[in-house]
Number of protein chains: 2
Amino acid sequence: MTEVTDRISRRQVDKFGERRAQLATSALRTLSELGYARTSLREIAQNSEFSHGVLHYYFRDKVELITYCVKLYKAECVTRYDQIVATARSADQLRTDFAQALATTCDEDGTMHRLWYDLRNQALFEENFREDVLEIDQTLELMIWRIVSTYGELSGTPITVSPSTAYGLFDGLFQQALLRNLAHQPNALTDLRTGVEQTLPKLLIR
Amino acid sequence: MTEVTDRISRRQVDKFGERRAQLATSALRTLSELGYARTSLREIAQNSEFSHGVLHYYFRDKVELITYCVKLYKAECVTRYDQIVATARSADQLRTDFAQALATTCDEDGTMHRLWYDLRNQALFEENFREDVLEIDQTLELMIWRIVSTYGELSGTPITVSPSTAYGLFDGLFQQALLRNLAHQPNALTDLRTGVEQTLPKLLIR
DNA sequence: CGAAGTTCTTGACACTCGTCAAGAGTTTCT
DNA sequence: AGAAACTCTTGACGAGTGTCAAGAACTTCG
């Protein structure tokens with residue numbers, strides 16, 4: 001019996017890696033639908049074109065699969081907001097674009113983001129998840145900081161909070177809107193927008 | 001076979017209700033230890049002085065038990081921060097007291113709060129939980145607002161964000177600190193304090 | 001005391017879960 | 001071509017789940 005890690009290292013043309021990614025994509029779809037607590041390997045396999053046994057051919061166990069999924073998810077998230085920074089001409093434009101982007105993401109990719117929060121919450125209980133979750137959190141923090149610091153530069157005024165604090169603030173607003181929007185509260189998205197638009201200028205000096 | 005609801009209504013001396021609360025307390029302890037995803041009724045019973053069957057004598061099913069737990073938890077949370085409002089003499093004192101209280105709660109009652117976030121996250125997936133979760137969220141929002149609005153009054157300056165936004169901001173900071181503190185990051189609590197202390201004044205006008 | 005009602009335990013049920021081994025099917029290479 | 005390696009399916013396993021029914025243990029009250 002060959003080990004999973006052996007299979008990974010042996011292949012040059014990485015069909016093995018491609019299938020892993022494919023299965024992980026199916027897993028992500030299922031996870032975002034059901035949440036971590038109710039997602040089983042059989043359910044994941046059923047939402048793919050393979051049978052449940054194959055998962056143990058490509059992943060050592062459930063933890064490795066989920067961990068891989070989380071990392072895959074991160075790759076998708078990272079570069080999403082950077083275009084806003086790139087195209088912004090004024091502080092005010094950046095401000096409204098950012099608020100609008102968050103609202104759109106909340107509405108359109110809500111199911112994917114609730115999965116992220118679900119997994120981040122698992123890290124509160126399962127030590128295994130913490131390292132990966134904190135790494136993704138760090139990436140998101142940097143993403144937010146690129147926005148916030150650019151906003152400061154465009155305003156000609158320094159930012160008065162740490163990257164970590166800035167991330168915490170906007171993440172809180174986003175998560176709140178996510179729940180309320182899923183619960184069909186009509187004001188969820190506009191509240192998010194105005195909340196973000198009001199908060200951003202407050203991070204400037206005094 | 002008598003229905004659960006019948007048993008509730010029949011008793012005047014509410015031994016039935018007391019036992020419900022007792023079992024729910026055990027359940028809360030277990031839930032805060034293991035998280036929603038890994039807590040079973042047998043585990044709950046094992047952490048109580050009763051056997052697993054009794055849970056179905058006092059609760060219709062698992063959902064009713066968990067829901068009852070969440071409501072019980074809310075009752076404990078509600079009045080905790082109001083003394084800070086009551087004893088504050090100056091805006092600055094309120095500011096540091098509030099920041100300190102959040103840090104202390106994060107450190108000492110971290111396991112209980114991770115349960116709250118866990119259940120709130122379940123509401124992102126399970127519709128059944130949403131009503132109760134949103135109700136608790138509302139209560140917490142009001143609690144935060146009592147702090148923030150008092151801070152505004154003590155400063156003689158109006159607050160420029162909605163209660164909902166204020167709650168989202170501080171909740172984000174708290175949640176971030178909770179994860180980092182559980183992961184034994186040394187700066188988690190001081191970062192929370194300074195984050196809160198820096199944010200609060202920014203909610204005042206201009 | 002003894003009957004009636006209440007509370008709790010025990011054990012079973014149908015089911016789902018993660019895991020794994022045996023082997024069939026497929027591709028790759030000589 | 002045939003052998004070897006890889007990929008995937010099938011079916012089983014033991015463990016754990018929520019639920020429930022039968023009845024033991026206990027309390028209440030005539």
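Proteins come first, then strands; the chains are lettered A, B, ... in the order of their sequence lines, and each starts at number 1.
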So, [X] and [Y]: side-chain donor and acceptor under 3.5 Å apart, yes or no?
X        : Y        : result
B/Ser164 : A/Asp191 : no
A/Gln198 : B/Thr160 : no
A/Thr96  : A/Gln100 : no
B/Gln22  : B/Ser48  : no

Please report the interatomic distance CD(A/Gln185) to OG1(A/Thr190), rounded to the nearest 0.5 Å. 11.0 Å
Which value, rounded to the nearest 0.5 Å, describes the distance between A/Ser32 atom OG and B/Leu124 atom CG? 12.0 Å
Could you check how far [atom1] of [X] sits from [atom2] of [N], rounded to whole Å?
X       : N      : atom1 : atom2 : answer
B/His56 : C/dT6  : NE2   : C1'   : 19 Å
B/Leu55 : C/dT7  : CG    : P     : 15 Å
B/Arg38 : C/dG18 : CZ    : P     : 14 Å
A/Ile44 : C/dT19 : CD1   : C1'   : 14 Å
A/Tyr57 : C/dT27 : OH    : C1'   : 11 Å
A/His52 : D/dT7  : NE2   : C1'   : 15 Å
A/Leu41 : D/dT9  : CG    : P     : 15 Å
B/Phe50 : C/dT10 : CZ    : P     : 13 Å

How does protein reach along nucleotides 22-30 of chain D, written 5' to 3' as B (base within reach of a heavy atom under 4.0 Å), S (only sugar-phosphate), or - (no contact)? ---------
What's B/Ser51 touching, base or sugar-phosphate or nothing? Going by heavy atoms closer than 4.0 Å. base
For A/Ser40 and C/dT16, is the shortest distance between a side-chain N/O and OP1 or OP2 below 4.0 Å?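 For A/Ser40, the contact criterion (side-chain N or O under 4.0 Å from OP1 or OP2 of C/dT16) is not met.
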Run the side chain to side chain contact (heavy atoms under 4.5 Å, CB included) test on A/Ile147 and A/Phe170 for me, step by step, so that the C-alpha distance in whole Å, both residues' side-chain angles and the decisive distance to 0.1 Å come before the verdict. CA-CA 11 Å; A/Ile147 305 255; A/Phe170 291 116; over 6 Å; no
Would you state whether a donor and an acceptor, one from the side chain of B/Arg42 and one from the base of D/dG18, lie under 3.5 Å apart?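 Present.
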